[in-house]
Undergrad: 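Before anything else, here's the structure in question.
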Amino acid sequence: MPYFPEDFIFGVATASYQIEGAWNEDGKGESIWDRFAHTPGNIQDGTTGDVACDHYHRFEEDVALLKELGVDAYRFSISWPRIFPEGRGRVNEKGLDFYRSLTGKLQEAGIKPVVTLYHWDLPQKLQDKGGWESQETVEAFAEYARFLFQSFAKEVFLWITHNEPWVVSFVGHYEGRHAPGKRDFKSALQVSRNLLLSHGLAVQAFREEKTLGSIGITLNLTPVHPFSDSEEDILAAKRCDGYFNRWFLDPLFKGEFPEDMLLWYEKKGFALPQLSEEEKSLIAQPIDFLGINYYFRRVVGKGEGAIFEVEFFNPPQSEYTDMGWEIYPEGLYEIVKRVSEEYQPEDIYITENGIALPDQPDSKGRINDQKRIDYLRSHLLALHRAVDEGCPVSGYFVWSLMDNFEWGFGLSKRFGLVYVDYTTLQRIKKASFYWYQKVVKSKRVD
Ligand SMILES: N=[N+]=NCCCCNC(=O)[C@@H]1[C@H]2[C@H](O)[C@@H](O)[C@H](O)[C@@H](CO)[C@@H]12
């Protein structure tokens, strides 16, 4: 029976724009996701995060759910425009008070706070001045981070500078499906560079402020498999591995963007200015852990697609989630093994893993999400194998505590261990809540 170590951290994760609501209350400034969701056509089901789970007003009820779940830690993000409505300068005390109350309730419940500094809700005022393409945002992020390290100097267990810089860069600035909705590959490359620089400045500030806890960054990593063993499919998979994974792993742990990708982008007309020696050491300064968000793998072959010349495949024999993502538990084992061996991080936390399902209450108001239990079990067993083989993994967070606003899909995709009825905002614990409660308590997956 696979047991996790006694001190292994089990948690759940959320993010500010996805759960808080109160989008313009108590002095909060507008974020790029407020603007993006308010723009008709951007969100598939036409909903917004204006109310979402109304966590801003119901956080005490939600902390009580966390306490009942028995988690060791709770990962949430701080809404930058709730603290600095204009991005920098004036502080919104009521915004700061909300997070002080939340961390206070967590401490009362014996739950370790894990804080993500940036989970995509950039102050709109900074976007109006160029957003992540601009050096001003890099500097503003460093100020924002330093202010939070000073304001929560002792309360936080883990600090995560950025959540998924790949998504911020390429889904937000190339694919255009996320805020700010740009479709410009050159912008996306510039954004990825600035996110890494801002991460480095935040880590420096963390060390200078002698803040308690640990600091790291969270990447969404996906194993990339060639559709066939043909030379061109293997090369296509290598290109995609560079695009999805190595583009951030290499600068963070080796101080360089991957050479093959720089050459490929240059060949496609997107020459990226070299990082200076100072920038390389800023980005690659030591961090205490790497956060990995894992959901699925990618299967690719040679294709005619513009920049990457790849085609994606969905293996017919696999099962898929409500997001259309392949269920591939071994991918979690693969990515943890690969990262441990190739990049030797101090420590790893699986900061997100979960599944969207079309959950609905039955006639008795219960939600029997057995498929979510099967997904979480299979992924925890895969993770356990990596831990058993000596990979430095110290924790695992389910995405998500509760159903929430799923970005471009709006409220239509449900990832929660807790169901949210968006008309009444009632929370309903799913079968997976009780299953995970047992895992957390026993540290065992059966
Ligand atoms: N092409 N493409 N890819 C799309 C992005 C990769 C997969 N999605 C994620 O990793 C996001 C992560 C996010 O932190 C959270 O805020 C989201 O709610 C979850 C669920 O979606 C996951």
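One-based numbering, in listed order, for ligands and for the atoms of each.
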Undergrad: Closest non-hydrogen protein atom to atom 11 (C) of ligand 1, residue and atom name please, with distance?
TA: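 Result: E164 OE1, 3.6 Å.
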Undergrad: To the nearest 0.1 Å, how far is atom 18 (O) of ligand 1 from its closest protein heavy atom, and which atom is that?
TA: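 Among all protein heavy atoms, the one nearest atom 18 (O) of ligand 1 is E406 OE1, 2.7 Å.
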Undergrad: Can you list the atoms of ligand 1 that are under 4.0 Å from a heavy atom of F296?
TA: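 It comes down to these atoms of ligand 1: 7 (C).
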Undergrad: Report, as yes or no, whether the 6.0 Å neighbourhood of atom CD on Q370 holds more than 12 heavy atoms from other residues, nucleotides or ligands.
TA: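 Count over threshold, so yes.
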Undergrad: Tell me which protein heavy atom sits closest to atom 14 (O) of ligand 1, plus the residue, atom name and distance to 0.1 Å.
TA: E352 OE2, 2.7 Å
Undergrad: Pull out every atom of ligand 1 sitting under 4.0 Å from any heavy atom of N293, numbered as shown with elements.
TA: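 Listed by number with element, the hits are 14 (O).
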Undergrad: Do any N/O atoms on W399 end up under 3.5 angstrom from N/O atoms on ligand 1?
TA: yes
Undergrad: Check N404 against ligand 1 and report side chain, backbone, both or neither, counting heavy atoms closer than 4.0 Å.
TA: neither
Undergrad: Heavy-atom contacts under 4.0 Å between Q18 and ligand 1: side chain, backbone, both, or neither?
TA: side chain
Undergrad: Show the atoms of ligand 1 that are less than 4.0 angstrom away from any heavy atom in H119.
TA: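 Ligand 1 atoms under the 4.0 Å threshold to H119: 13 (C), 14 (O), 15 (C), 16 (O).
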Undergrad: Against E133, only a single residue in K186, K182, Q190, R193 fulfils side chain to side chain donor-acceptor pair (under 3.5 Å); can you say which?
TA: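 Result: among K186, K182, Q190, R193, K182 is the only option passing the side chain to side chain donor-acceptor pair (under 3.5 Å) with E133.
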Undergrad: Give me the nearest non-hydrogen protein atom to atom 4 (C) of ligand 1 as residue plus atom name, then the distance to 0.1 Å.
TA: R177 NH2, 4.0 Å
Undergrad: Which atoms form the tightest heavy-atom contact between D121 and W80, and what is the distance?
TA: O-CB, 4.2 Å
Undergrad: For the rings on W159 and F149, is their centre-to-centre separation under 6.0 Å?
TA: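 Ring centroids of W159 and F149 are less than 6.0 Å from each other.
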Undergrad: With F206 as reference, evaluate I287, T161, I215 under the side-chain contact (heavy atoms from CB on, under 4.5 Å) test and give the passing residue.
TA: I215
Undergrad: Only one of Y74, F98, F76 passes ring-ring contact (aromatic ring centres under 6.0 Å, His included) with F59; say which it is.
TA: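 Answer after filtering Y74, F98, F76: F98.
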Undergrad: Report yes or no: is the cationic atom of K254 (NZ for Lys, CZ for Arg) under 6.0 Å from the centre of the six-membered ring of Y343, at an angle within 45° of the ring normal?
TA: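 Pair K254/Y343 counts as cation-pi.
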Undergrad: When you measure from the heavy atoms of K413 to every atom of ligand 1, does any distance fall below 4.0 Å?
TA: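 So K413 does not count as touching ligand 1.
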Undergrad: Heavy-atom pairs closer than 4.0 Å: do any link ligand 1 to the side chain of R298, the backbone, both, or neither?
TA: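 It is the side chain that touches ligand 1; the backbone stays farther off.
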Undergrad: Could you tell me which atoms of ligand 1, counted from 1 in the order shown, lie closer than 4.0 angstrom to a heavy atom of W120?
TA: 13 (C)
Undergrad: Does the separation of the ring centres of F405 and Y17 fall below 6.0 angstrom?
TA: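 Close enough - the centres of the two rings lie under 6.0 Å apart.
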Undergrad: Could you check whether Y320 and W325 have their ring centres less than 6.0 Å apart?
TA: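 No - the distance between ring centres of W325 and Y320 does not fall below the 6.0 Å cut-off.
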Undergrad: Is the distance between the ring centroids of F170 and Y243 under 6.0 Å?
TA: yes
Undergrad: Do Y118 and Y144 have ring centroids that are under 6.0 Å from one another?
TA: no
Undergrad: Does any N or O of ligand 1 fall below 3.5 Å from an N or O anywhere on W325, backbone included?
TA: no
Undergrad: What's the shortest distance from atom 6 (C) of ligand 1 to any protein heavy atom, and which residue and atom give it?
TA: N220 ND2, 4.0 Å
Undergrad: Heavy atom under 4.0 Å from ligand 1: found in R75's side chain, backbone, both, or neither?
TA: neither
Undergrad: Starting from atom 5 (C) of ligand 1, find the nearest protein heavy-atom neighbour and note its residue, name and distance.
TA: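 Going by distance alone, atom 5 (C) of ligand 1 is nearest to V167 CG2, 3.8 Å.
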